[in-house]
Amino acid sequence: MTLYIFNTMTRAKEKFIPMHEGRIGMYVCGITAYDRCHIGHARSAVVFDAVVRHLRKRGYDVKFIRNFTDIDDKIINRAAEEGIGTTELAEREIAHFHQDMDALGVLRADIEPKATEHIDDIISLIQKLMDKGFAYEAGGDVYFAVRKFPSYGKLSRRNLEELQSGARIKPGENKKDPLDFALWKAAKPGEPQWNSPWEPGRPGWHIECSAMSMKYLGETLDIHGGGLDLAFPHHENERAQSEAATGKQFVRYWMHNGFVTIKGEKMSKSLGNFITIKDILSHFHPEALRLFLLSKHYRSPLDYSPDALEESTSALDRCYKALFEAQQAIQVPVKKKRPLPDEAINDLEIISRLVEQVNQAMDDDFNTALALGHIFNAVRALNRVLDKAASQSSALYKPGLEQSISVITGAADVLGILGMEPAEYIGARNMQTLAASGLSEEKLQELIDTRTKARQEKNWALADNIRNELSAKGIILKDTPSGTQWSADL
RNA sequence: GGCGGCGUAGCCAAGUGGCUAAGGCGACGGUCUGCAAAACCGUUAUUCCCCGGUUCGAAUCCGGGCGCCGCCUCCA
């Protein structure tokens, strides 16, 4: 087993070798807690959730850290707009984040540090940079001297001259070189502040990630992840600070996920084209959103549209229906021990290979799209077995079906899908549809009974009429040997 | 302007030198059914934006076009 990870630093897929055998320290940049999360945040969270799940399945002991930035300009401004405290705002949005992520099945990080709870660690890291001559105080602020760190720009492939031409010193900044960035910002009147060896103030954005990641994971992290937009300047700056302070390699593997776009354009507040996780989950199942987010390779851009979510929903429905049918088939009492046909044996074998296929796909730089393809293939094979079992029932199907259900759900777990009881999933979708149709369960059953009677009398016109009316409300009738069943239009 | 990415079927998408170019959604035909639905089977890219080149062999490598997108400022 060899795991390959595309490393942004080298722009190549590299064999993954952690610093300490069997153990992985992983840090992913979390959110700045000032507003609801949108689907772009969901992508980053779900992608790295799948990464963690896979690494753990591969037997690694993963220590996973995801931080919260709970003090910065955006938080200060928003809190002022709302007339509340920065802590109150940050706590509220952190709670929203947890709501959204729990709904999405994103596992909690092992540690979720907040910047404001690590001021001491941040200050001592800044002090270290001062002592080593990489940082200087100016007008109460403390800045990192970019030109003192020779390999600055290596991660994002930028050279200082290019950066120099675009950079400028904004009014109110006291830095000596436009390239320098703030490690500590002196507080303006009325702003939240902490005491420091310099002026009372607050940490810059970049230093908090350096301080918190190294506090919990040591001076060298195995994996550091985040959205592609964080590569510059955030991660470039983190790297400069951390390596300047320790003299050691900060990160072994840098991972960056691509953006979510809408109609081909990056989602952003200024374009007003963002959509929140909460909004999406009010229309679509959380696992459908996960399936969508993992249907394309994590480094590519992913275009959001409601239609795309509908497609993911259809695919997810098909998987759950197959699992549900398999469970039902196991329940049906069969005494005959007729030998299984070769086709069924073949299909059961195809399914049994799924775990290894998914593992291999994930080993290759977390190819979730390929892993999904394998899962869909297994589901189709399961349906084939079910077809055979229906026409040539045999008690010998049971172990194979039980095994198949557990293989498929086990394999899908790395993607965080198919984790519900199939009956529960389908039941929830049915209830949702029933509620939307405006019919009560009793009324629906009445209509079905009327139709059954009409069918017995071969009154096809009436029967079809009832079916069509229900169909218009999203309720689909299915006539089976054991009676008529209804379900949502899955 | 600098740096980087992408262009594979109706739509989404995997595949980065060599078996019949995965898979999903959709569409069409078949099996099943009173007719349907679901499920299954089959069909849906002799070809991977275009033009050259390298190679015994290219969607995959190289050069040149065309088109789209991102970063260079806060941003997952």
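Numbered from 1 within each chain, the chains take letters A, B, ... in sequence-line order.
The gap from the P atom of B/G53 to that of B/C11 amounts to 30 Å, rounded to the nearest Å. The gap from the P atom of B/A37 to that of B/C66 amounts to 50 Å, rounded to the nearest Å. B/G23 and B/U31 have their P atoms separated by 24 Å, given to the nearest Å. For the C1' atoms, the distance linking B/G7 with B/C12 amounts to 14 Å, nearest Å. Separation of the P atoms belonging to B/U20 and B/A27 is 31 Å when rounded to the nearest angstrom. Look at the P atom in both B/C35 and B/C25: the space between them is 26 Å, to the nearest Å. The same atom, P, is picked in B/G29 and in B/G70; the two are 42 Å apart, to the nearest Å. When the C1' atom is compared between B/G24 and B/U16, the two are found 22 Å apart, to the nearest whole Å.
Residue whose closest nucleotide on RNA chain B sits further toward the 5' end, between A/F232 and A/R157: A/R157. Nearest-nucleotide positions on RNA chain B for A/S44 and A/F292 put A/F292 closer to the 5' end.
The salt bridge (Lys or Arg N to Asp or Glu O under 4.0 Å) pairs that include a residue from residues 283-293 of chain A are A/D49-A/R290, where partners are two or more places apart or lie in different chains. Listed by first then second residue, pairs satisfying salt bridge (Lys or Arg N to Asp or Glu O under 4.0 Å) with a partner in residues 253-268 of chain A read A/D229-A/K266, not counting sequence neighbours.
Across all strands shown, nothing is found opposite B/A45 as a Watson-Crick or G-U wobble partner with both distances under 3.5 Å. Pair assignment for B/C3: B/G70, on the basis of Watson-Crick or G-U wobble contacts that are both within less than 3.5 Å. Using Watson-Crick or G-U wobble geometry with both donor-acceptor distances under 3.5 Å, B/A39 finds its partner in B/U31. Across all strands shown, B/U55 forms no Watson-Crick or G-U wobble pair with both distances under 3.5 Å.
Figure legend: A/R158 and A/F232 shown as a cation-pi pair, the cationic atom lying under 6.0 angstrom from the six-membered ring centre and within 45 degrees of its axis.
To the nearest angstrom, P of B/C74 lies 15 Å from CD1 of A/I76. When rounded to the nearest whole Å, the span between CG of A/L462 and P of B/G34 equals 18 Å. Whole-Å rounding puts the A/E161 CD to B/C72 C1' distance at 14 Å. Per the geometry, CD belonging to A/E311 stands 11 Å off P belonging to B/A27, to the nearest Å. Between the CG atom of A/N257 and the C1' atom of B/A76 there is a distance of 6 Å, rounded to whole Å. A straight line from CZ of A/R158 to P of B/C71 spans 10 Å, rounded to a whole angstrom. Remark: P of B/G5 and CZ of A/R299 are 10 Å apart, rounded to the nearest angstrom. Rounded to whole angstrom, the span from the CG atom of A/L291 across to the C1' atom of B/C25 amounts to 11 Å.
Proximity of a side-chain donor or acceptor of A/N468 to a complementary backbone N or O of A/D464 within less than 3.5 Å is detected.
Results of the salt bridge (charged side-chain N to carboxylate O under 4.0 Å, His left out) test with A/D365 over A/K13, A/R299, A/K15 single out A/R299 as the only residue that passes.
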_Protein within reach of the bases, or only the backbone? For nucleotides 14-22 of chain B, mark each nucleotide 5' to 3' as B, S or -, using heavy atoms under 4.0 Å._
SS------B
*Take nucleotides 35-40 of chain B nucleotide by nucleotide from the 5' end and write B, S or -, depending on whether a protein heavy atom sits under 4.0 Å from the base, only from the sugar-phosphate, or from neither.*
BBBSSS
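At a threshold of 4.0 angstrom between heavy atoms, the contacts of A/R43 with the nucleic acid are absent. A/G264 comes within 4.0 angstrom of sugar-phosphate atoms only, judged by non-hydrogen atoms across all strands, and of no base. Within 4.0 Å (heavy atoms only), A/V28 reaches no atom of the nucleic acid at all. A/G258 comes within 4.0 angstrom of a nucleotide base, judged by non-hydrogen atoms across all strands. Nucleic acid contact class of A/K266 (heavy atoms, under 4.0 Å, all strands): base.
Evaluation of the ring-ring contact (aromatic ring centres under 6.0 Å, His included) rule for A/F64 yields no partner, not counting sequence neighbours.
Considering only side-chain atoms of A/P233, the nucleotide from B/C25, B/A76, B/C74 that sits closest is B/C74. Of the candidates B/G34, B/G2, B/G4, B/G34 carries the atom nearest the A/W460 side chain, counting heavy atoms from C-beta on.
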When the side chains of residues 420-430 of chain A are checked against the rest of the protein, which donor-acceptor pairs come out under 3.5 Å, sequence neighbours left out?
from: A/E421; atom 1: OE1; to: A/Q327; atom 2: NE2; distance (Å): 3.4
from: A/Y425; atom 1: OH; to: A/D317; atom 2: OD1; distance (Å): 2.6
from: A/R429; atom 1: NE; to: A/D317; atom 2: OD1; distance (Å): 3.2
from: A/R429; atom 1: NH2; to: A/D317; atom 2: OD1; distance (Å): 3.4
from: A/R429; atom 1: NH2; to: A/D317; atom 2: OD2; distance (Å): 2.7
from: A/N430; atom 1: OD1; to: A/A488; atom 2: N; distance (Å): 2.7

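The pair A/D73-A/R202 meets the salt-bridge criterion, with a side-chain N (NZ, NE, NH1 or NH2) lying under 4.0 Å from an Asp/Glu carboxylate O. At a threshold of 4.0 Å, the pair A/E469-A/K473 does not count as salt-bridged, since none of the basic side-chain nitrogens sits closer than that to a carboxylate oxygen.
Separation of atoms CG (A/D110) and CZ (A/R66) is listed at 10.0 Å; rounding is to 0.5 Å. Distance CD/A/E236 to OH/A/Y152: 5.5 Å, rounded to 0.5 Å.
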